[in-house]
Number of protein chains: 2
Amino acid sequence: MARAGLSTERLTRAGAELADEVGFDQVTVSALARQFDVKVASLYSHLKNSQDLKTKIALLALEELADRAAEALAGRAGKDALTAFANVYRDYAREHPGRYAAAQTRLDPQTARLSAGVRHAQLTRALLRGYELPENQQTHAVRLLGSVFHGYVSLEMGGGFSHSAPDTQETWSRVLDALDALLRNWPDS
Amino acid sequence: MARAGLSTERLTRAGAELADEVGFDQVTVSALARQFDVKVASLYSHLKNSQDLKTKIALLALEELADRAAEALAGRAGKDALTAFANVYRDYAREHPGRYAAAQTRLDPQTARLSAGVRHAQLTRALLRGYELPENQQTHAVRLLGSVFHGYVSLEMGGGFSHSAPDTQETWSRVLDALDALLRNWPDS
DNA sequence: TGCAGTTGCCTAACCCTTTTAGGCAACTTA
DNA sequence: TAAGTTGCCTAAAAGGGTTAGGCAACTGCA
């Protein structure tokens with residue numbers, strides 16, 4: 001019988017697509033085997049286990065996000081950079097909800113250190129160069145920005161905003177205005 | 001044989017405790033049955049299914065959170081209120097990680113409308129009364145605050161901050177300072 | 001107090017997912 | 001083309017989710 005041509009790489013990509021289609025928590029080794037028209041046990045030559053698959057999808061998503069973020073920051077500064085950077089996260093979550101969900105899963109410390117998560121922090125720091133924040137406030141600002149972007153996107157995707165009136169695009173603009181104002185006028189001590 | 005005295009109420013509470021102990025996604029009908037020393041099928045007289053259990057835990061968590069938030073806001077205004085309110089979320093997540101995770105699960109629109117989620121929005125609006133924001137900016141500010149609180153707490157709990165240097169308590173204070181400054185100085189248009 | 005009706009937990013059964021062990025066929029290389 | 005390796009297979013066990021149907025333990029009413 002002909003071989004299906006599986007590989008960790010292909011399985012991870014297919015898993016990511018599947019996540020976007022049916023939700024990250026619906027991604028199972030079984031579902032993936034079905035996609036390739038292959039028996040479940042066959043995947044275990046390429047994946048340690050189910051958790052391994054999810055971790056690999058998460059790492060893929062973090063890479064993609066960091067790539068987009070780096071691209072968005074190139075040649076921009078100040079509010080222009082802030083907007084572009086923030087939109088990367090929001091757009092990615094909309095285009096790839098499953099991957100975005102994957103990117104939020106908790107990684108064990110070792111995996112995290114090797115992941116693109118580190119690049120995200122560096123990129124956020126780069127974004128702050130356009131604002132004149134005291135050195136000792138940088139980390140706080142990085143964390144605040146991360147919180148707002150992640151929080152906003154996950155509430156919006158989770159339907160948390162869909163019950164009240166003004167549309168979310170308007171709010172998103174105001175939030176970016178507010179963050180820009182805040183960074184230009186960061187309170188001391 | 002003696003009856004175990006199950007009820008939807010007791011199962012939900014036990015499920016919430018279990019979530020805090022072993023993680024929300026480890027909460028299964030089987031695990032719950034084991035806790036009560038009862039056969040799995042027996043729970044199905046009290047729960048529609050596994051999803052139903054999770055939804056009930058989520059609703060419980062939302063109620064508890066709203067209760068605490070209301071309590072925290074009583075008699076406070078301005079930054080005092082902001083701090084107390086924000087700490088409710090952070091402390092709840094630390095004390096009850098499983099319940100907090102439950103509170104983030106997506107509810108279907110009908111359930112959401114009947115949930116305490118609505119109270120959370122109202123309470124956040126009440127918090128804003130201490131700041132003089134134009135009426136048409138209120139919803140935007142509500143959403144921003146929700147994003148920051150949720151985003152910060154979930155990143156902190158997920159270990160997202162644990163790799164970099166300054167401790168998170170310091171950042172949390174700076175974030176609250178920043179939000180306070182922002183609300184007192186909200187950019188127009 | 002005793003019986004009828006209801007409720008609560010049970011057994012049995014089925015399906016799906018995860019994971020391991022061991023086998024044969026299809027590729028690769030010399 | 002034979003030897004070695006790799007890839008997908010079958011088989012099997014364990015655990016979770018869910019439904020159907022049964023008997024025992026409670027309830028309330030005569």
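Below, read A as the first sequence line, B as the second, and so on, with proteins coming before strands; counting in each chain starts at 1.
- A salt bridge (Lys or Arg N to Asp or Glu O under 4.0 Å) check over residues 55-64 of chain A, counting only residues at least two apart or in different chains, returns the pairs A:D52-A:K56, A:E63-A:R119, A:E64-A:R99.
- One can place NZ of B:K39 at 15 Å from P of C:dA13, the figure rounded to the nearest angstrom.
- The distance from the OH atom of A:Y100 to the CG atom of A:L62 is 10.0 Å, given to the nearest 0.5 Å.
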Quick one: side chains of residues 31-40 of chain A, donor-acceptor pairs under 3.5 Å with protein atoms, not counting sequence neighbours, listed by atom name and distance.
none

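- Contact between the side-chain N/O atoms of A:H46 and the OP1/OP2 oxygens of D:dT6 is not found at any separation under 4.0 Å.
- An OP1 or OP2 oxygen of D:dC8 is reached within less than 4.0 angstrom by no side-chain nitrogen or oxygen of A:S45.
- Among residue pairs with one or both ends in residues 126-137 of chain A, none qualify as salt bridge (Lys or Arg N to Asp or Glu O under 4.0 Å); sequence neighbours excluded.
- For residues 173-189 of chain B, the set of pairs meeting the salt bridge (Lys or Arg N to Asp or Glu O under 4.0 Å) definition, not counting sequence neighbours, comprises B:K79-B:D177, B:E170-B:R174, B:R174-B:D177, B:D180-B:R184.
- For the pair A:E9 CD and D:dG7 C1', the computed distance is 18 Å after rounding to whole Å.
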Using atom names, set out every protein N or O paired with an N or O of nucleotides 12-18 of chain D below 3.5 Å, distance rounded to 0.1 Å.
{"from": "D:dG16", "atom 1": "OP1", "to": "B:R34", "atom 2": "NH2", "distance (Å)": "2.7"}
{"from": "D:dG16", "atom 1": "OP2", "to": "B:R34", "atom 2": "NH2", "distance (Å)": "3.1"}
{"from": "D:dG17", "atom 1": "OP2", "to": "B:V29", "atom 2": "N", "distance (Å)": "3.1"}
{"from": "D:dG17", "atom 1": "OP2", "to": "B:S30", "atom 2": "N", "distance (Å)": "3.1"}
{"from": "D:dG17", "atom 1": "OP2", "to": "B:S30", "atom 2": "OG", "distance (Å)": "3.1"}
{"from": "D:dT18", "atom 1": "OP2", "to": "B:Y44", "atom 2": "OH", "distance (Å)": "3.0"}
{"from": "D:dT18", "atom 1": "OP2", "to": "B:S50", "atom 2": "N", "distance (Å)": "2.7"}

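- Among the atoms of the strands shown, only primed sugar atoms or phosphate atoms (P, OP1, OP2) are found under 4.0 Å from some heavy atom of A:L6.
- A:L32 places its CG atom 13 Å from the P atom of D:dC8, with the value rounded to the nearest Å.
- When the P atom of C:dT17 is taken as reference, atom NZ of A:K54 falls 12 Å away, rounded to whole Å.
- Evaluation of the salt bridge (Lys or Arg N to Asp or Glu O under 4.0 Å) rule for B:R94 yields B:E156 as partners, not counting sequence neighbours.
- Taking atom CZ of residue B:F36 and atom P of nucleotide C:dG8, one finds them 14 Å apart after rounding to whole Å.
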